[in-house]
Each structure stands twice: as C-alpha cells, then as structure tokens.
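Here's the structure, in structure tokens; my notes come after.
Computation of the quantities below employed the complete heavy-atom set of this structure, encompassing side-chain atoms and omitting hydrogens, waters and symmetry-equivalent molecules. Note that this is a predicted model, so its numbers are computed, not measured. Count residues from 1 along the sequence.
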Amino acid sequence: MTTLKNDTFIKALLRQPTDYTPVWMMRQAGRYLPEYRQVREQAGSFMALCTNPELACEVTLQPLRRFDFDAAILFSDILTIPDAMGLGLYFTEGEGPRFNNPIRTPADIEKLPIPDPEIELHYVMDAVRLIRKNLDGSVPLIGFSGSPWTLATYMIEGGSSKNFAKIKSMMFNDPALLHKLLDKLAQSVAAYLNAQIAAGAQTVMLFDTWGGVLSGENYREFSLYYAQQIRSLLKTEIDGQRIPTILFTKGGGLWLEEMAKAGYDALGLDWQTDIGKARARVGDKVALQGNLDPLSLYAKPEIIAGKVKSILQKYGDGSGHVFNLGHGILPDINPDNVKVMVDAVHEFSRR
C-alpha cells in the first residue's frame, strides 16, 4: 500500500483533524482545460477516450499539474454500467448521452446481465491501476458510479430528459418492474465500486444526479433505498486502510437527515443548500462536501475568493469539510478562475 503524501482529503471525509480544508472539483478533468480538448481530439470520440486507459490516466492527471487539488478523480462516465449491459452508449454533440437500445419492455429488463467489472468494464479497472501507479501516493484517487435511480433514468428515457415522463410512468404504473431494474443496477454498482477499490480507488462516490426530481416519498423508495443497499455491500477497508464513501444527490437538500443515516461517510451538497444549516442538521454523523455555485467561477477573482471565504465561514471551525463545487464545472470557465478558488480555499482555511 503506497503511503499518501497528502491525506488531508481522506482525513476530512473521516472527520479527523486537518491543517486546512481540502478541495477537489467535480468534472475537474474535462473540457474547461485546453490540454483535455487536445487529448479528446486525439482520441477521436468521448467513448474512445473513456475506454483507453492511457488517455483516461492522462486526463485524470492533467488538472493536478495545474492546480493544487487534494484529490484526483478517475476520468470515466457514469453510464459505463448500462453500456456494459448492452444498451449501446454513444454521445451526440449538443445532446449528450444516448442509447441505441433503451429499456422499453419487461423483457428488456429481464435479459440485462450484471456486468463483470474485470471483463466488460476492464478498461475502467485498468485506468484505475494506471492512475494509482502514476499518482505515486501524491494525492488520493476517487472512484465513482452513477446511482441506480440515475442510471435507470437514462436507460428508460434513452438519454437526457426534461420531464422524466417514461421512467415516472413506469414508477407509478408498474413499480415492481422498476424495482427489478433498480435491484439489478444496485448489484452491478456495488460490484463495480468494489472492483475500483480493489484496483486502487481510495475513496468512492455515488452520483445521484437525478434523485432531486423525485418527491420525498419516491426518493426514499426508488433512490435512497438502493444507495443504502450499495453501501451495505461495499468493502470499505483494504490493507488496513479505510475507504471513505460519499453520497451526492443533486437537489437532495430536503432529505439530508435521512441521507445521513444511509451509512456513507460524507454527503455532497449542491449550491442551493446552505452549508452552515446543513451542518447543523446532520451534526457529527457525516462529513460534508461542497458547495460553491459552479457559475460563480465566471465572476471576477475577488468575488470568487469572497464566495469561497463565505462558504468556509458558514461551515465553521473543525474538520469534516471537503470544499467542492455544488455540481460540475462548465466547459467555458477560465482555468485561471479555478486556481483562484483552489488557492483561496487553502489560504482562508489555514488561517
């Protein structure tokens, strides 16, 4: 086991004392970096980039060469599992992810396999191993997956959606059928995350991007229940080292108390949730990650620094805070503004 030179991120997730607040950023390896766009062009397509371990490793490491981030996150996509199940993932310019074979009938769900992460998704595990080797213990590596509910939305809608009419129709008219799909996905996600941990991921995060489109009752039944199921199946200790876990539901600020009981070490917060009030609500049950509005990175440097300071002050003293955006960075953000944010987090939190 490589000894981490910088374990501040891990300590914060486990609510252990730290010298400063660690920071990383959702989509930190991505289109806002010109060097990423060069590699993406070299790969030929987004999926070709995702499925090439050497190129995935390169773009994972790129932001760490520019910014003083306290963690790296595996470059991949949340929809690798549905693709491995045979749905045929592809991306169209301006429309985002689409599937050649979306879920349309009960038979479609019945025939879905549970992928073997080291076979159908071996390219992800190869990338994790390669990234860990190249990081050489400098900072921890985050692995991740989409949540069952979020994966199901794409699989049933056939891609992105504005109103989630297809999946909600199934949810209301045939909940047992949707549960059958979600159960398969929960088993697949748990196996996938455990394989990432075995390959070298030192933290894992569950992205529940679309949990916030549900009512409270439906969130508990169709999203949070499966997040808890996955957490119960995760092997969170390897070679004597704890593997912290993070649950992020975009739009989930209404249900933080229930999310805090799901067994995860930390909850991600979107920018619509006041971090000070969130901390008061969850107490010392979990660490909190977040939650600068991604669009504030369009602002002038002094405004960005002020926003960072405000979030740190709202969280207050003590460990248990990982600074992040409230969602992923947008493609046309100036990278210089990311540096302002990262440096401000480190400077203000050290005081």
Side-chain angles (χ1 to χ4, degrees), residues 6 9 22-80 89-98 123-124 126-128 130-136 138-144 160 205 207 209 271 289-305 307-308 322-347:
N6 176 359
F9 170 69
V23 55
W24 70 280
M25 185 175 72
M26 287 184 271
R27 296 197 198 125
Q28 70 185 29
R31 292 176 293 170
Y32 73 104
L33 291 176
E35 55 267 40
Y36 167 87
R37 294 195 292 271
Q38 288 174 357
V39 176
R40 163 72 177 74
E41 197 173 319
Q42 177 190 341
S45 72
F46 180 77
M47 281 305 290
L49 177 51
C50 282
T51 55
N52 183 315
E54 288 75 21
L55 295 183
C57 175
E58 167 59 20
V59 296
T60 297
L61 299 176
Q62 283 175 346
L64 301 175
R65 297 181 190 128
R66 272 191 184 246
F67 313 114
D68 195 17
F69 283 127
D70 294 287
I73 183 165
L74 163 71
F75 179 80
S76 187
D77 191 81
I78 62 168
L79 298 177
T80 50
L89 176 63
Y90 67 98
F91 288 81
T92 56
E93 201 62 45
E95 284 188 39
R98 310 293 302 172
Y123 62 89
V124 178
D126 291 344
V128 170
L130 191 58
I131 295 162
R132 269 299 303 274
K133 183 181 175 185
N134 280 271
L135 283 171
D136 193 29
S138 55
V139 294
L141 174 62
I142 305 164
F144 70 91
S160 303
M205 180 162 168
F207 282 91
T209 310
W271 68 95
Q289 178 174 278
N291 63 338
L292 185 69
D293 184 340
L295 274 79
S296 67
L297 291 181
Y298 285 121
K300 297 171 186 173
E302 61 272 19
I303 293 172
I304 295 169
K307 296 288 184 189
V308 166
V322 171
F323 199 97
N324 206 313
L325 301 178
H327 201 232
I329 185 171
L330 296 168
D332 59 346
I333 294 287
N334 184 341
D336 292 344
N337 290 356
V338 175
K339 186 176 190 314
V340 171
M341 177 192 77
V342 173
D343 292 350
V345 173
H346 288 154
E347 181 192 344

- Under the side-chain contact (heavy atoms from CB on, under 4.5 Å) rule, what do T80 and Y123 come out as? Steps first, then yes or no, please. CA-CA 10 Å; T80 50; Y123 62 89; 3.5 Å; yes
- Might you work through the side-chain contact (heavy atoms from CB on, under 4.5 Å) test for M26 and F207, ending with a clear yes or no? CA-CA 10 Å; M26 287 184 271; F207 282 91; 3.5 Å; yes
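- Scanning all heavy atoms of the two residues, the minimum distance from P294 to G328 falls at CB-O, 3.7 Å.
- Separation of atoms CD1 (I78) and CE (M205) is listed at 11.0 Å; rounding is to 0.5 Å.
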- Check against side-chain contact (heavy atoms from CB on, under 4.5 Å), F9 and I142: CA-CA 10 Å; F9 170 69; I142 305 164; 3.7 Å; yes
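- With contacts defined as side-chain heavy-atom distances shorter than 4.5 Å, the pair D70/F323 does not qualify.
- Contact detail for V340 and A305: the closest heavy-atom pair is CG1-N, 4.4 Å.
- When all heavy atoms of A56 and I131 are compared, the closest pair comes out as O-CD1, 4.4 Å.
- The shortest side-chain heavy-atom distance between F91 and P97 falls under the 4.5 Å cut-off.
- With values rounded to the nearest 0.5 angstrom, C50 atom SG is found 5.5 Å from M47 atom CE.
- By the 6.0 Å contact criterion, CD on E41 is open, its count of non-hydrogen atoms from other residues, nucleotides or ligands being 12 or less.
- Within a 6.0 Å sphere centred on CZ of R98, heavy atoms belonging to other residues, nucleotides or ligands number more than 12.
- Here the closest heavy-atom approach between residue N6 and residue P140 is recorded as O-CD, 3.4 Å.
- A donor and an acceptor atom, one from each side chain of Y298 and D332, are located under 3.5 Å apart.
- A distance of 12.0 Å separates CG in L130 from CZ in R132, rounded to the nearest 0.5 Å.
- Looking only at side-chain heavy atoms (C-beta outward), L135 and L64 come within less than 4.5 Å of each other.
- For the pair S296 and I304, the tightest heavy-atom approach, listed with the atom from each and the gap, is O-CG1, 3.4 Å.
- The closest side-chain heavy-atom distance from F144 to I73 is below 4.5 Å.
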- Item | side-chain contact (heavy atoms from CB on, under 4.5 Å) evaluation trace for M341 with K307 | CA-CA 9 Å; M341 177 192 77; K307 296 288 184 189; over 6 Å; no
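- Annotation: the span from L325 atom CG to Q28 atom CD amounts to 9.5 Å, rounded to 0.5 Å.
- Contact check on R65 versus E35 returns no salt bridge, with no Lys/Arg side-chain nitrogen under 4.0 Å from an Asp/Glu carboxylate oxygen.
- With values rounded to the nearest 0.5 angstrom, Q62 atom CD is found 10.5 Å from F67 atom CZ.
- Note that CG of N52 and CG of D126 are 10.5 Å apart. Values are rounded to the nearest 0.5 Å.
- Contact check for Y36 versus L49: side-chain heavy atoms found under the 4.5 Å cut-off.
- The shortest non-hydrogen separation linking L297 to M25 is CD1-SD, 4.4 Å.
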